Participant: 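After the structure tokens below, expect a handful of questions from me.
To find a chain, count down the sequence lines: A is the first, B the second, and so on, and within it residues start at 1. In this text, all values refer to a predicted model and were calculated from it rather than measured experimentally.
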2 protein chains.
Amino acid sequence: MLLSKRCIYALRAALYLALAKTDGEYISIQKIASELNISFHFLTKILQDLQRKNLVISFRGPRGGVALARPDTEITSMDIIRAINGEDVFAQCIMGLPGCGTETPCPMHEDWARSRKAIETVFNNTSLATLAEQTVKKHLRLTEPKARTE
Amino acid sequence: MLLSKRCIYALRAALYLALAKTDGEYISIQKIASELNISFHFLTKILQDLQRKNLVISFRGPRGGVALARPDTEITSMDIIRAINGEDVFAQCIMGLPGCGTETPCPMHEDWARSRKAIETVFNNTSLATLAEQTVKKHLRLTEPKARTE
DNA sequence: GACAAAGCAGACAAAATAGTCTTAATACTT
DNA sequence: AAGTATTAAGACTATTTTGTCTGCTTTGTC
Ligand code: SF4
Ligand code: SF4
């Protein structure tokens, strides 16, 4: 698995917030958790991580909750991934040799580096706004299908 | 991390075997483990997995050990990966929604699917022979650098 | 001010992964 | 036959990741 569950949950929650489009309103973690079918307490901790990295802001009390800290156009999926999985998610490599580098690469280096770069680029170029837009435009889904059986 | 440590160890061990080029001789797990700096007992279990999947053969007793079950040209890195991490390593996806498919994809589907396919292709097209060849030809390294400091 | 609705914090539990150890089984050597 | 070198099997431990719970703090409403 490329990304941890924490990270996947963070992405889903962030996209949910981007789609919510509340004008200055906060959305309760409870609601996000239940709609995305994620454990409430777990998601709380994940969103706290995002808050510490200044990707979301939060507010307590009634009508409190969380919201994106910046416009969704200015948050990339890479931002979320880095916030949760650390700065060097894509640093680690196939053969996992310690002290590896381009000078003395292991045999997989070339092919893997190319693929890795491609994935990195995708995440870097995909803002929450882009994702949200695609979601709406193409009628994609974010939550689990409930009524429809497939 | 894309691949588990078990998987990485398996790949390194398999490549080591491919590079060994012993004519029908077996190489002891002890030797592989110490050269690749992997826990002996752990590697033993991993190689047992590969043996059950008929990727390596083993022999007990003095002068025993393990060897590739087929010519290195006929074992891909994907074979190793699948043997260790299961058949559907690359099935799981970014947003990790249950029951996802091309009919009702999540917003990341398109970009991710492309990258995933690329990685899969790399692994499928990379036989142990190819890796071994590159290793020799380009003076790449498999074990950890010891004498040289970088 | 009392109460309720939220997030915050940290201890705790469960599950998955990684790694260790001990005992057996097997095969070669002498 | 005895002894040794090797893998096989499985119990055991450790670490990381994932998830749960309980109590506290902040904020709005009445
Ligand atoms: S040499 Fe390249 S492919 Fe190998 S572990 Fe290092 S970065 Fe990864
Ligand atoms: S819809 Fe596509 S990208 Fe999303 S979880 Fe499913 S396969 Fe992965």
Participant: Tell me, do A/Y16 and A/K31 make a side-chain contact under 4.5 Å, heavy atoms counted?
Facilitator: yes
Participant: Taking for each residue the nucleotide of DNA chain C bearing the nearest heavy atom, is the 5' side occupied by B/K5 or by A/I27?
Facilitator: A/I27
Participant: With salt bridge (Lys or Arg N to Asp or Glu O under 4.0 Å) as the rule and sequence neighbours excluded, what pairs involving residues 64-73 of chain B come up?
Facilitator: B/R70-B/D79
Participant: Considering only Ile, Leu, Val, Met, Phe, Trp and Tyr, and joining two whenever side-chain heavy atoms are under 4.5 Å apart, list the other residues clustered with B/V122.
Facilitator: none
Participant: Which residues satisfy the side-chain hydrogen bond (donor to acceptor under 3.5 Å, both in side chains) test with B/T44, sequence neighbours excluded?
Facilitator: none
Participant: Take the protein atom CZ of A/R6 and the nucleotide atom C1' of D/dT16, then report the distance between them rounded to whole Å.
Facilitator: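 My rounded result for the distance is 12 Å.
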Participant: Where along residues 52-61 of chain B does a heavy atom come under 4.0 Å from DNA chain C, residue by residue in number order?
Facilitator: B/F59, B/R60, B/G61
Participant: Just N and O in the side chain of A/S39: are any of them under 4.0 Å from OP1 or OP2 of D/dT20?
Facilitator: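 For D/dT20, OP1 or OP2 has a side-chain N or O of A/S39 closer than 4.0 Å.
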Participant: Atom CD of A/Q51 and atom P of D/dT26: how far apart are they, to the nearest Å?
Facilitator: 14 Å
Participant: Do B/M108 and A/F123 come within less than 4.5 Å of each other through their side chains, counting heavy atoms only?
Facilitator: yes
Participant: Sequence neighbours excluded, which residues qualify as side chain to side chain contact (heavy atoms under 4.5 Å, CB included) partners of B/K138?
Facilitator: A/E110, B/L140
Participant: Nucleotide range of DNA chain C contacted by chain A, 5' to 3', under 4.0 Å to a heavy atom?
Facilitator: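 Answer, 5' to 3': C/dA5 to C/dA11.
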Participant: Name the residue closer to the 5' end of DNA chain D, choosing between A/L3 and A/H41 according to the nucleotide with the nearest heavy atom.
Facilitator: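 So the residue in question is A/L3.
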Participant: Who pairs with B/F42 by ring-ring contact (aromatic ring centres under 6.0 Å, His included), at least two apart in sequence or on another chain?
Facilitator: B/Y9
Participant: Tell me the side-chain hydrogen bond (donor to acceptor under 3.5 Å, both in side chains) pairs involving residues 113-122 of chain B, sequence neighbours left out?
Facilitator: B/D111-B/R114
Participant: Could you list by number each residue of residues 42-49 of chain A showing a heavy-atom separation from DNA chain D of less than 4.0 Å, or answer none if no residue does?
Facilitator: A/F42, A/K45
Participant: Tell me which donor-acceptor pairs under 3.5 Å the side chains of residues 51-61 of chain B have, and how far apart each pair is, sequence neighbours excluded?
Facilitator:
unit_1 : atom_1 : unit_2 : atom_2 : d
B/Q51  : NE2    : B/S58  : OG     : 3.3
B/R52  : NH1    : B/D49  : OD1    : 2.9

Participant: Is there any side-chain hydrogen bond (donor to acceptor under 3.5 Å, both in side chains) pair reaching into residues 124-135 of chain B, and which pairs are they, with sequence neighbours excluded?
Facilitator: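 Counting only pairs at least two positions apart or across chains, the side-chain hydrogen bond (donor to acceptor under 3.5 Å, both in side chains) contacts touching residues 124-135 of chain B are B/S127-B/T130, B/E133-B/K137.
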Participant: Separation of B/L17 atom CG from D/dT7 atom P, in whole Å?
Facilitator: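 Atom CG in B/L17 sits about 11 Å away from atom P in D/dT7.
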Participant: Under 3.5 Å, which donor-acceptor pairs do the side chains of residues 62-69 of chain B form with other protein atoms, sequence neighbours left out?
Facilitator:
unit_1 : atom_1 : unit_2 : atom_2 : d
B/R63  : NH2    : B/E25  : OE1    : 2.8

Participant: What's the CD-C1' distance between A/E25 and D/dG28, to the nearest Å?
Facilitator: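 Taking CD of A/E25 and C1' of D/dG28, I get 13 Å after rounding.
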